[in-house]
Amino acid sequence: MNKFEQLGLNESLLKAITDLGFENPSEVQEKAIPLLLEKDTDIVALAQTGTGKTAAFGFPLIQKIDPENRNTQALILSPTRELCLQITNEIKLYSKYIKGIHTVAVYGGASITEQAREIKRGAQIIVATPGRMQDMINRGLVNVSKIDYCILDEADEMLNMGFYDDIVNILSTSPDEKSTWLFSATMPQEVARIAKEFMRKPLEITVGHKNSGSSTVSHEFYLVNARDRYEALKRLADANPDIFSVVFCRTKRDTQAVAEKLIEDGYNAAALHGDLSQAQRDSVMKSFRNRQIQMLVATDVAARGIDVDNVTHVVNYQLPDEIETYNHRSGRTGRAGKLGTSIVIITKSELRKISAIERIIKQKFEEKTIPSGMEICEIQLFHLANRIKDVEVDHEIDSYLPAIYEVMKDLSKEELIKKMVSVEFNRFINYYKKNRDLSSQSAGDRRESSPRINDGGAVRYFINIGSRDNYDWMSLKDFLRDTLGLGRDDVFKVDVKEGFSFFNTDAEHSEKVLDILNSFQMDGRRINVEISKNDGRDNSGRRDHNNRGGGGFRGNSDRGGRGGERRSESSFGGGRSGARSAGSAGRPPRRGDSNRDSSASRERRPRRS
């Protein structure tokens, strides 16, 4: 039985819900839908971005709308054009089996006369940005004086963007007896003031703790020197070949500069900020949704309303000026119950902000170190091996195989594998063995449970299970600790990739780890654990600062080109395209660079089309 049936929704909505594949309501839906269906009331619902708020107000709203009445009955205000269009599309999907309901999107950057014409034809539901809605009211193009429902979605975002006066004017124009439903991730003073002035004894729904972060997002920070911030970003991308992320910068200038550097260095990246035309914004967002872009560099204002599934990471290249904004950034990942990671790249002078954010989101950060060059090479090596193992063979190659066999006939299986992997691995090793460690000093005693600074006797292991086996760093750490019978802090530096993972223990546990896990089977598959060749030292012989605690990145598989997309990146460093020399682009050389000295060449080469 579909659990939505227990919430009191009618057959038409339940049929649409089945088509959409929804099975279990989220917490905010479970709390809000029965309450809103039961009676006309004002409510304040506090829930993180990505928890299903559109359905929480959309389902009951549609059920309360009279399809026979062509007048505007409901107004939904949202902060951005993107979110406005997204809500409109979802309302249309929810109401597709209810004849006569018409929903119109009203936003800037499009013809105001065409939008007014759509409303005049009969629109029971208007979804609008506050600025355009106020403009239409001033021109007499729309009448909200008789609406029954007003929904403020992402209320804190709208107020952060400076729409307070517009919202106040719109609410003042609408009838006092309407029902007002306010949905917000946080409850700053401006939102509380709106609730006090324009709502009648609103009922409050809170999912999690007020202003807290989502439980599906883990939070990490990396302490670096200010000059190394961009290099740290590249290292984190290289250490996560399947990264699909939003990278936040504070200003439009920084956003454009970082995106241009990433593109120059061969990463699939793009900028999203207010200086782009609407057509450019639409083009960037289309490419991002299709995963042609894996690192979307954005300002906070431009990113509002981004609702893209399966974002693996949010990267705070710079922390926002307003600490509360961090909650909205991290809400771009870990959506719909999936796990995500929010990363902060930070300098020592900004460390105090981490504690301030922790108080707001009521979650702790893990301090981690930027991966060393050798760690990245090892990650990329196993990533390549897994991609080769899982690749779907295009049999158009069959006609070429006899000639290829002839070329390879003198090579043994072991030699062939070694050479094939070395085609990519050699470039990474040649690049990273010449690069220094980026880790700044540890945050130290910022908190009692700060990570271990120096694990002199630590042993690092490779294990052949990962996110494909439904593990994230926390669940894998729990599995290892329980299986091995170790203490809470005895398993640390857990990094989860798609088909494999890494973890550390103290050297005294090494024999126990190998004996127990190498005789363990999971679902009939033998677990394989080996001591990693990378002992945690960088190329200067210094030991990395191995930190206790997990980390792991939960990536997306790119097998088969998700969603029909044809991937263009090199096998190593998924998420990049192009073939510049390392000297000119400042990153590991790509396919096509093999005949030149990757560390010394300064000649610029055109990227692949």
Side-chain angles (χ1 to χ4, degrees), residues 235-236 238-242 366 368-389 417-418 421-422 424-426 428-429 431-433 435 437-439 451-452 454-469 471-473 476-477 479-481 483-484 486 489-520 522 526-553 555 572-573 588:
R235 288 273 182 105
L236 291 171
D238 288 342
N240 297 278
D242 298 311
E366 291 283 347
K368 302 193 73 184
T369 52
I370 299 296
S372 68
M374 297 309 296
E375 282 182 296
I376 290 172
C377 289
E378 190 168 14
I379 288 166
Q380 291 282 355
L381 178 61
F382 286 114
H383 177 70
L384 173 61
N386 275 280
R387 290 194 65 196
I388 292 171
K389 178 171 68 74
I417 292 173
K418 191 180 294 186
V421 171
S422 294
E424 298 295 342
F425 186 68
N426 286 356
F428 263 80
I429 200 78
Y431 174 79
Y432 273 116
K433 71 183 180 184
N435 280 262
D437 180 25
L438 295 185
S439 296
R452 174 186 295 192
N454 190 339
D455 297 301
V459 176
R460 189 153 177 80
Y461 308 88
F462 163 85
I463 186 170
N464 64 334
I465 55 177
S467 62
R468 191 188 303 167
D469 304 292
Y471 282 104
D472 61 3
W473 73 264
L476 181 59
K477 182 178 180 179
F479 163 74
L480 293 168
R481 186 187 61 200
T483 303
L484 297 168
L486 297 177
D489 294 326
D490 289 335
V491 178
F492 51 100
K493 204 173 184 188
V494 181
D495 287 307
V496 178
K497 307 304 173 187
E498 183 195 351
F500 56 92
S501 303
F502 298 97
F503 66 95
N504 282 22
T505 72
D506 289 331
E508 65 190 87
H509 302 303
S510 182
E511 186 175 344
K512 183 178 186 179
V513 169
L514 296 173
D515 285 349
I516 292 177
L517 291 179
N518 279 324
S519 61
F520 193 90
M522 179 182 293
R526 181 174 171 272
I527 297 298
N528 178 48
V529 177
E530 301 171 5
I531 294 178
S532 172
K533 293 297 186 291
N534 175 17
D535 65 355
R537 296 179 186 273
D538 67 14
N539 299 306
S540 64
R542 296 173 303 175
R543 181 166 295 281
D544 283 347
H545 292 166
N546 291 328
N547 53 313
R548 291 261 181 199
F553 294 87
F572 266 86

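Numbers here are sequence positions counted from 1.
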Heavy-atom pair with the smallest gap, counting every atom of V529 and F503: CG1-CZ, 4.4 Å
Ring centres under 6.0 angstrom apart (F479, F520): yes
L480 vs L517 side-chain heavy atoms within contact, under 4.5 Å: yes
N386 and K497, any side-chain heavy atoms less than 4.5 Å apart: no
Spacing of K368 atom NZ and L236 atom CG [to the nearest 0.5 Å]: 9.0 Å
Audit row: F502, E375, side-chain contact (heavy atoms from CB on, under 4.5 Å) steps and yes/no: CA-CA 10 Å; F502 298 97; E375 282 182 296; over 6 Å; no
Criterion side-chain contact (heavy atoms from CB on, under 4.5 Å) on D490 and H509, from CA distance to verdict: CA-CA 9 Å; D490 289 335; H509 302 303; 3.8 Å; yes
side-chain contact (heavy atoms from CB on, under 4.5 Å) evaluation trace for D506 with F492: CA-CA 9 Å; D506 289 331; F492 51 100; 3.9 Å; yes
Gap separating the NE2 atom of H383 from the CD1 atom of I376, nearest 0.5 angstrom: 13.5 Å
Residue pair L514, I531: steps toward the side-chain contact (heavy atoms from CB on, under 4.5 Å) verdict: CA-CA 8 Å; L514 296 173; I531 294 178; 4.1 Å; yes
Those residues that, when tested against D469, pass side-chain hydrogen bond (donor to acceptor under 3.5 Å, both in side chains) (two or more places apart): R525
I417 CD1 to S422 OG distance, which is reported to the nearest 0.5 Å: 11.5 Å
Inter-residue atom distance R481.CZ - T505.OG1, 0.5 Å rounding: 14.5 Å
Pairwise side-chain contact, E530 with I463, heavy-atom cut-off 4.5 Å (strictly under): no
CD1-CE distance between I379 and M374, expressed to the nearest 0.5 angstrom: 11.5 Å
Side chain to side chain, Y461 and V513, heavy atoms closer than 4.5 Å: yes
Spacing of D495 atom CG and R460 atom CZ [to the nearest 0.5 Å]: 5.0 Å
Under 3.5 Å donor-acceptor, N528 side chain and N464 backbone: no
Plane angle bin for F462 and F382 - parallel if under 30°, tilted between 30 and 60°, otherwise perpendicular: parallel
Heavy-atom neighbours of E511 CD exceed 12 at 6.0 Å: no
Results of side-chain hydrogen bond (donor to acceptor under 3.5 Å, both in side chains) for S501 - residues two or more places apart only: none
